[in-house]
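Have a look at the structure below before the remarks.
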There are 2 protein chains.
Amino acid sequence: MPDAGPAPASGGRYAGRSAASAVATIASVARVTLQTIADEVGVSRMTVSNAFNRPDQLSAAMRAKILATADRLGYTGPDPTARALVRGSSGAIGVLLTDDLAYGFRDGVATDFLAAVADELGPTGLSLTLLSSEGRDGVVPARDVAVDGVLVFSCSLDSTARDWLVKRGLPLVLVDQEPDPGFASVGIDDYHGARLAAQHLVDLGHRHVGILISGGSPGTVGRLADPRREAEGWKYVSRQRLAGFLDVLEAAGAEAVAHHVAEHGDHAAAEQAREILGANPRPTALLCYSDVLAAGALRAAEDMGLAVPDDVSVVGFDDNPLATRVRPELTTVRQDAYAKGTAAARALTEALRTAQDGEPAEPVEVVLPTELVVRESSGPAPG
Amino acid sequence: MPDAGPAPASGGRYAGRSAASAVATIASVARVTLQTIADEVGVSRMTVSNAFNRPDQLSAAMRAKILATADRLGYTGPDPTARALVRGSSGAIGVLLTDDLAYGFRDGVATDFLAAVADELGPTGLSLTLLSSEGRDGVVPARDVAVDGVLVFSCSLDSTARDWLVKRGLPLVLVDQEPDPGFASVGIDDYHGARLAAQHLVDLGHRHVGILISGGSPGTVGRLADPRREAEGWKYVSRQRLAGFLDVLEAAGAEAVAHHVAEHGDHAAAEQAREILGANPRPTALLCYSDVLAAGALRAAEDMGLAVPDDVSVVGFDDNPLATRVRPELTTVRQDAYAKGTAAARALTEALRTAQDGEPAEPVEVVLPTELVVRESSGPAPG
DNA sequence: CTGAAAGCGCTAACAC
DNA sequence: GTGTTAGCGCTTTCAG
């Protein structure tokens, strides 16, 4: 009676379903669906659906009755997955990060960026799904998770994950990636910013500069024999920044010694910094790919008994919150990660809209400015 | 010919589908599905599915041919949504945050917690979906987004969002919430930690202490006439910490003046701190619900020309990374947000497993310890 | 205002 | 090995 009794209107098909369902969910209450409510109230499944999605399509009384029944039976409303299947959209947008998901919560630049994305997305009702670029256990998030569009934020060089996203034909926004005519892209003027940093050192009289960079092939560690050549396959941002450093240094006739840091962390950076600073003659300044690496350089200098900036100048990049937490405070190149996030989120919602409307629409290409911020870690070349 | 030609095996049903599909996706290429590949290769849809999911269920040659065709036609593999529907799981777990999603990227405690969750989830291949507790535009993430389980991390008092999750019957882990026998819960020993903080001040001779707290009803601002009573409807953590403060203070015969801060931010906290410190006689110490509020208190003291800790002591809670960034560094109660995240993620994956197996399994209840960390912001009561 | 039909794209089960 | 049957839970026509 609890199930079969009050459902005279349901066809054999649905009766069959109920039975199957009851068998399928052993030991648990048979799942409540639109049909359950429909059977109970004695209307069609469609009317129940309308009660939830189109209040104006049925009488207020009918709707109230349906909603009450739904509530009594513990029905929470249309199943998100089923709805997503038929509607063709999931209500979530993805952010493709590195294989280390937690990076998005640890790095100051990433959190600023993501906070902006979250702020921008909130009002739209879209949720944010973090995708790691490398899924184990056979599942590849970029291929197997339902999202309506993705912000490709930071991914490894050989980004299989990114390739999957492209193949899936999802609306994409490339953030800090090599611009691709097919997609919207948002980034900062890395090349110019790098030039500013290098020029700053040149202006201070430095003619022998060490460069600490990461973002190259995973295998690479230590001094680069021919930085320009080796950088060819690197991450876009790394290539841009390196090029900016080198162009200015070379034009000024300064000697540049570039070391590649295996992973983007202060620990690894300190190690390379020690190598660079151990040379004779010692470079008078260190130009770093990021503030994170610069923080490592600072530690190395301290360990070696070198005063910053008196013995050696250190310049970072990003103006990570970290930059003002270390001592001395870092001279760096400022980027507005929050603005980048806002722009990226907007570009994606825009892409989502045009994808839905079928309009082709030229993808935007945003390049945010960078700016030199002189603090305490840089000074005139010694001697 | 491109579609109808090489598909003699497909029944009328599928021919019909193709046509409908072609009409549906106006101006865009008809979507490639399992059926498209099946028609092209001349096998059944099921065989194609097996090629992707069960390599051992078909000949290597057949599989290779299918995969090649799929690749040629730009098929990326089974649609995540359709697969989720039929499998009953989406591959993503949710985190319910406040209505301000970005909070998860801004607050030090939240980022530590989430980083741990991300670290723990990575290897499982599950993705992380951030759910805001308040969705506008008619969509309620907690009700409308497909997830397999949720970490209820931080939600407003009247959490409708949380109620939806419960109704949906999703596996849940309550973090920093009032433990509920039906769900696993993870939290810290807030009450004990609060006692430690209060006792520290009592031991230093303070007998007139201001309390800065948040987490009560949104309307409440300013001094609380009867803190214990008013706190009855508050957030669990706030209630616990307040109780700890009060119990110790009262037992020591100290006078306590509690002010409620409208929102959890240093700005609002500074305002209340100014009020408390403007009283005559002035409290000799401030006990704060969090380091964020304590940072506000520090600013207020500075603005009023009061020296910390000489004129007034300030004690925080959480040992937020922020605690050592302010001057003077905060005496606080340390909690291990990362450990909390790890425990929560484990509890959820465990809950997911038992939910799937149908085993009832007693939900865990984890309470992590707290510890007093004495730094520079607390000292002997003046006078 | 309500309902019947037709599928969204896929997979578990079982038959051949 | 491969195909058939029978749906997962829902919404979009389009009739009444």
Side-chain angles (χ1 to χ4, degrees), chain A residues 9-25 30-38 41-63 65-66 75-90 144 146 168, chain B residues 9-25 30-38 41-63 65-66 75-90 144 146 168:
Chain A
S10 69
R13 183 187 177 198
Y14 302 125
R17 276 199 181 194
S18 297
S21 162
V23 169
T25 51
R31 182 145 184 213
V32 180
T33 71
L34 274 188
Q35 189 63 48
T36 317
I37 314 296
V41 178
V43 294
S44 88
R45 197 174 23 170
M46 219 26 246
T47 301
V48 181
S49 172
N50 282 333
F52 282 96
N53 301 309
R54 313 226 177 139
D56 53 312
Q57 296 293 292
L58 71 174
S59 67
M62 185 80 247
R63 180 168 135 93
K65 184 174 174 189
I66 289 174
Y75 181 69
T76 332
D79 177 87
T81 306
R83 177 185 263 175
L85 177 60
V86 70
R87 294 236 259 242
S89 89
S90 65
D144 302 325
R168 274 173 76 178
Chain B
S10 69
R13 183 186 177 199
Y14 301 124
R17 278 198 179 195
S18 296
S21 159
V23 170
T25 52
R31 186 150 180 208
V32 179
T33 72
L34 275 187
Q35 189 63 47
T36 317
I37 314 297
V41 178
V43 295
S44 89
R45 200 175 21 168
M46 210 39 234
T47 300
V48 181
S49 172
N50 282 332
F52 282 95
N53 301 308
R54 313 223 175 146
D56 52 314
Q57 295 293 292
L58 70 174
S59 67
M62 186 80 249
R63 182 167 135 92
K65 184 175 175 189
I66 290 174
Y75 182 70
T76 333
D79 177 87
T81 306
R83 175 186 266 175
L85 177 60
V86 71
R87 295 236 258 241
S89 89
S90 66
D144 303 326
R168 275 172 75 177

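Chain letters run A, B, ... following the sequence lines, proteins first and then strands; every chain starts at 1. Just so we're clear, the structure is a prediction, and the values are computed from it rather than from any experiment.
Close to D/dT11, at under 4.0 Å from its OP1 or OP2, lies no side-chain N or O of A/Arg54. For C/dT2, neither phosphate oxygen OP1 nor OP2 lies less than 4.0 angstrom from any side-chain nitrogen or oxygen of A/Thr47. Between A/Arg45 and D/dC10 there is no side-chain N or O to OP1 or OP2 distance below 4.0 Å. Close to C/dT11, at under 4.0 Å from its OP1 or OP2, lies a side-chain N or O of B/Ser49. Within the structure, every side-chain polar atom (N or O) of A/Arg87 is placed at least 4.0 Å from both OP1 and OP2 of D/dC10. Here B/Thr81 does not reach the OP1 or OP2 of C/dC10: none of its side-chain N or O atoms lies under 4.0 Å away. Regarding contacts with the backbone of C/dG9, every side-chain N or O of B/Tyr75 stays at 4.0 angstrom or more from both OP1 and OP2.
Using a 4.0 Å heavy-atom distance criterion, B/Asn50 is classed as making no nucleic acid contact.
The CG atom of B/Asp79 sits 18 Å away from the P atom of C/dG7 (whole-angstrom rounding). Per the geometry, CD belonging to B/Gln57 stands 12 Å off P belonging to C/dA13, to the nearest Å. The interatomic distance linking A/Arg83 (CZ) with C/dC10 (C1') rounds to 20 Å, in whole Å. For the pair B/Arg63 CZ and D/dG1 P, the computed distance is 14 Å after rounding to whole Å. Atom C1' of nucleotide C/dC1 and atom CE of A/Met46 are separated by 12 Å, given to the nearest angstrom. In this structure, B/Asp56 atom CG and D/dG1 atom P are separated by 9 Å, rounded to whole Å. As a whole-Å value, the separation of A/Asn53 CG from D/dT11 P is 5 Å. Across the protein-nucleic acid pair, B/Leu85 atom CG and C/dT11 atom C1' stand 10 Å apart, rounded to whole Å.
Of all nucleotides listed (D/dC8, D/dG1, C/dA4), C/dA4 comes nearest to the side chain of A/Ser44. The side chain of B/Leu58 lies closest to D/dT2 when the candidates are C/dT2, D/dT2, C/dC10. Ranking D/dG3, C/dG7, D/dG7 by closeness to the A/Val86 side chain, first place goes to C/dG7.
B/Arg63 contributes no side-chain N or O that, together with a main-chain N or O of B/Pro55, makes up a donor-acceptor pair within less than 3.5 Å.
A donor atom on one side chain and an acceptor atom on the other are found under 3.5 Å apart for B/Asn53 and B/Arg83.
Put simply, the side chain of B/Val48 reaches to within 4.5 Å of the side chain of B/Val43, judged on heavy atoms.
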Checklist entry - Under the side-chain contact (heavy atoms from CB on, under 4.5 Å) criterion, do A/Leu58 and A/Ile66 qualify, and how do the steps go? => result CA-CA 11 Å; A/Leu58 71 174; A/Ile66 289 174; 4.0 Å; yes

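Look at A/Asp79 and A/Arg31 and you find a salt bridge, because one of the NZ, NE, NH1 or NH2 atoms lies within 4.0 Å of a carboxylate O, short of that distance.
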